[in-house]
Engineer: 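Below you will find the structure I want to go over with you.
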Amino acid sequence: MAITRPRKASATSVARSRHCGAASLAVLLVTATAAHAQTWRAQPSLSLESTLTDNVGLSPSGEQKADWVNQLTPTLRFLEIGAHSRFSGVISVPMLVYARTSENNYVAPQVNANGTIEAIEKFLFVDASINISQQFQTPFGARPNELSSATQNRYTAQSYGVSPYIKGNLANNVDYELRDNNTWTITNGAFTQGGGNAYTNEIVGHVTREPTPVGWSLEYDRTDYAFTEQQSQRTAIARARAIYQPDPAVRVFVSAGYEENQLTFTQENGATYGVGIEWRPTDRTTANAAWEHRFFGTSYRVDFAHRTPLSVWSIQASRDITNYPRQIASLTPGSSVPGLLNSLFIGSVPDPLQRQTLVDQIIRDRGLPTVLLAPVSLFTQQITLVESLGATFGILGARNGIFFTAFRSRNQPIEGADAGDPLNVLTQFIDSTQIGTGAAFTHQLASNMTFSANLDWTRTTSNDLPGASTRQWLLRALLSRNVSAYTTVYAGARFQKLQSTVTSAYDEAAVLVGVVYQFR
C-alpha cells in the first residue's frame, strides 16, 4: 500500500525550521497533557466502508473502469481541559485498498488539533495547532467529497503552528498582547516540484485602552514567508485607532497607519486609513464591519452571526491579501459542522466537555458531514488578493436538520508578484472565480434509523482565459441504523458529474455500505 509522504527538501533554513517546528509541537502536546491535564476525554472509533463504483478514476466516457474500494478508518477524538491548558482535536487515518486498480492504494491522513498552554499564569501562553487535510490542486479539476474516487487533483497538505505570546492588563484600562506566530506548511504532490514547503513568521501585537467611552489602540502586524529555495516576501502594517463606545452594544473606530510590502519583484509602501463598527445587541447576535484603504485599493470585512435555540446563521464578506500557507492553516469560516453545532449549543450546554460529547453524537447519529462545501485554496507562491462572500445556515429540530452554505470567491494575483513562477503549473488559472452551494439534510425515521442526503454544486471560471470554466455537482444519500449503543451500520448511493472546457468531463455512480464502531 502506497503511503503519501513529503518530498525531500533541500537543506535550507526553511526545511530545518519545518522539522524543528514539528518536533517542538509534539513535545508541547505531550508536556501539556502530562503536566496540566485535569479533565481528559478520548473517543476512539473504527469504521469500514465498502464502495462499488462504475468509474473509479473519474475518467471520461469510454475510459471508465469499475472497481471495488474498501476503506478502513481508525479515528480518535479528544478533548483535554486543565487549569492551565486546553487541547482538542480529531485524528483519522483512512486506508484505501482498490480491488482492480491497486496502484491507487493509499493512506489519506486527516488531523485537526489545537490547544493552548498557560506557561506563566496570566502572562505567557503558547498556542499550538496541527492541520493535515486532503486538498485539491485546482477548482477546475475533479473535487469529489469522498476519498474512494481516485483523482490526480487531490494532494495532502500539512500545516504545523506554534505561537508563543504574552498578554496582560496595565493601569487605566490598558491591555496588551504580543504574538510570534510560526507556521510550517508541507505539500505532497507532484505539481509542487519540490517547492511546496514553506515557513511563515508573523509578529503581531497591540496596546489598547478600552473606551470609557473614548479609547485608543496601537497595532502592528508583520508577516514574512518563503517557500523552499525562494526569497522571502514580507508584508507589514502599523496602525493607530481612535475608539468611541457610546453604548455597551456599539463601538466605532477610525484608523490611520503606514504599510511596507516587499513582494517578489516590487515594493509597495504607503499610508492607510479606515473606519469600522462593532455591534453586539445580545449574546446571540454579533455584527462587525470595517473598511480600509490599502496599497491594492479597498480592503473590507463584514461579519454577521446570529443563533436561536434551534438555528445558527452567519454571513461573511471580505476583500484582502493572503497567501497559501495562511489559507491552508485554517478552515473556511462557516464550513465546519462541529463548529456550527458548538455555537448552537453554547447557551444551553455551557460545559465544554458535555457540549463536545453532544456534538459528536449528533454528527454520528444523524449522518452529518464534518465539513461543508468551501472554495478551493489555490496553491501559489504569490501573495494573492481574495474577494469572498459566504453565508451559512443551520437548523436542528427533534427529527429534521439541514445545513446550507453558499459562497463566491475570486482570486487575483497582486500586481508585481511573480506571475511567471515556474514552480506553479496552475499560474494561468490563479485569476479565477469560484461559486458554490451545498446542503446537508437529515431526517430521523425512527429512534434508531436516520436518512441523510448531501447535494453540492460548484462553478469555476477563469477571468484570464475566455470560456474556461468547470461545473460539477454531487448527490449522496445514506440510510443509517444504530444496531447497538456502540455500532452503526449504513448503506447509500452517490452520483457525481463534471462538465468542463479545460479538462475531461465525467460522470460516476456508486453504491456503498459501511459500519462504524465506537469504543467506550
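None of these values were measured; they are calculated from a predicted model. Along the sequence shown, residues are numbered consecutively beginning with 1.
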Engineer: Answer yes if the side chains of Arg355 and Asn342 hold a donor-acceptor pair under 3.5 Å, and no otherwise.
Structural biologist: yes
Engineer: Would you please name every residue forming a side-chain contact (heavy atoms from CB on, under 4.5 Å) with Arg399, sequence neighbours left out?
Structural biologist: His443, Gln444
Engineer: Going by atom types only, do Gln135 and Ser133 share a side-chain donor-acceptor pair under 3.5 Å?
Structural biologist: yes
Engineer: Is it the case that more than 12 heavy atoms not belonging to Trp216 sit under 6.0 Å from its CH2 atom?
Structural biologist: yes
Engineer: So for atom CH2, which belongs to Trp313, do other residues, nucleotides or ligands contribute more than 12 heavy atoms lying within a distance under 6.0 Å?
Structural biologist: no
Engineer: I'd like to check the side-chain contact (heavy atoms from CB on, under 4.5 Å) partners of Ser92; sequence neighbours left out, ordered by chain and number.
Structural biologist: Thr73, Thr75, Pro94, Gln110
Engineer: Of all residues at least two apart in sequence or in a different chain, which pass the side-chain contact (heavy atoms from CB on, under 4.5 Å) check with Phe404?
Structural biologist: Ala406, Thr437, Ala439
Engineer: Between Arg410 and Asp431, does at least one N-O distance fall below 4.0 Å, as a salt bridge requires?
Structural biologist: yes
Engineer: Sorted by first residue and then second, give each side-chain hydrogen bond (donor to acceptor under 3.5 Å, both in side chains) pair with at least one member in residues 240-256; sequence neighbours left out.
Structural biologist: Glu210-Arg251, Glu219-Arg241, Gln245-Arg251
Engineer: With a 3.5 Å cut-off and no angle check, do the side chains of Thr272 and His293 form a donor-acceptor pair?
Structural biologist: no
Engineer: What residues, two or more places apart in sequence or in another chain, satisfy salt bridge (charged side-chain N to carboxylate O under 4.0 Å, His left out) together with Glu202?
Structural biologist: Arg326
Engineer: Going by atom types alone, do Thr461 and Thr433 pair a side-chain donor with an acceptor below 3.5 Å?
Structural biologist: no
Engineer: Using distance alone, with no hydrogens and no angle criterion, decide if Tyr160 and Gln158 have a side-chain donor and acceptor under 3.5 Å apart.
Structural biologist: yes
Engineer: Any chance you could lay out the side chain to side chain donor-acceptor pair (under 3.5 Å) test for Ser462 and Ser432, step after step, and finish with the verdict?
Structural biologist: CA-CA 4 Å; Ser462 172; Ser432 60; over 6 Å; no
Engineer: Indicate yes or no: does Glu292 engage Arg239 in a salt bridge with an N to O separation below 4.0 Å.
Structural biologist: yes
Engineer: Under the rule for salt bridge (charged side-chain N to carboxylate O under 4.0 Å, His left out), what residues qualify as partners of Arg179, not counting sequence neighbours?
Structural biologist: Asp127, Glu177
Engineer: Do the numbers put Lys167 on top of the ring of Phe125, so that NZ or CZ is under 6.0 Å from the six-membered ring centre and no more than 45° off the axis?
Structural biologist: yes
Engineer: Thinking salt bridges, do Arg86 and Glu80 make one under a 4.0 Å N-O criterion?
Structural biologist: no
Engineer: Evaluate the ring planes of His306 and Phe304, with Trp represented by its six-membered ring, and classify them as parallel (under 30°), tilted (30 to 60°) or perpendicular (over 60°).
Structural biologist: parallel
Engineer: Under 3.5 Å, is there a donor-acceptor pair between the side chain of Thr470 and the main chain of Phe140?
Structural biologist: yes
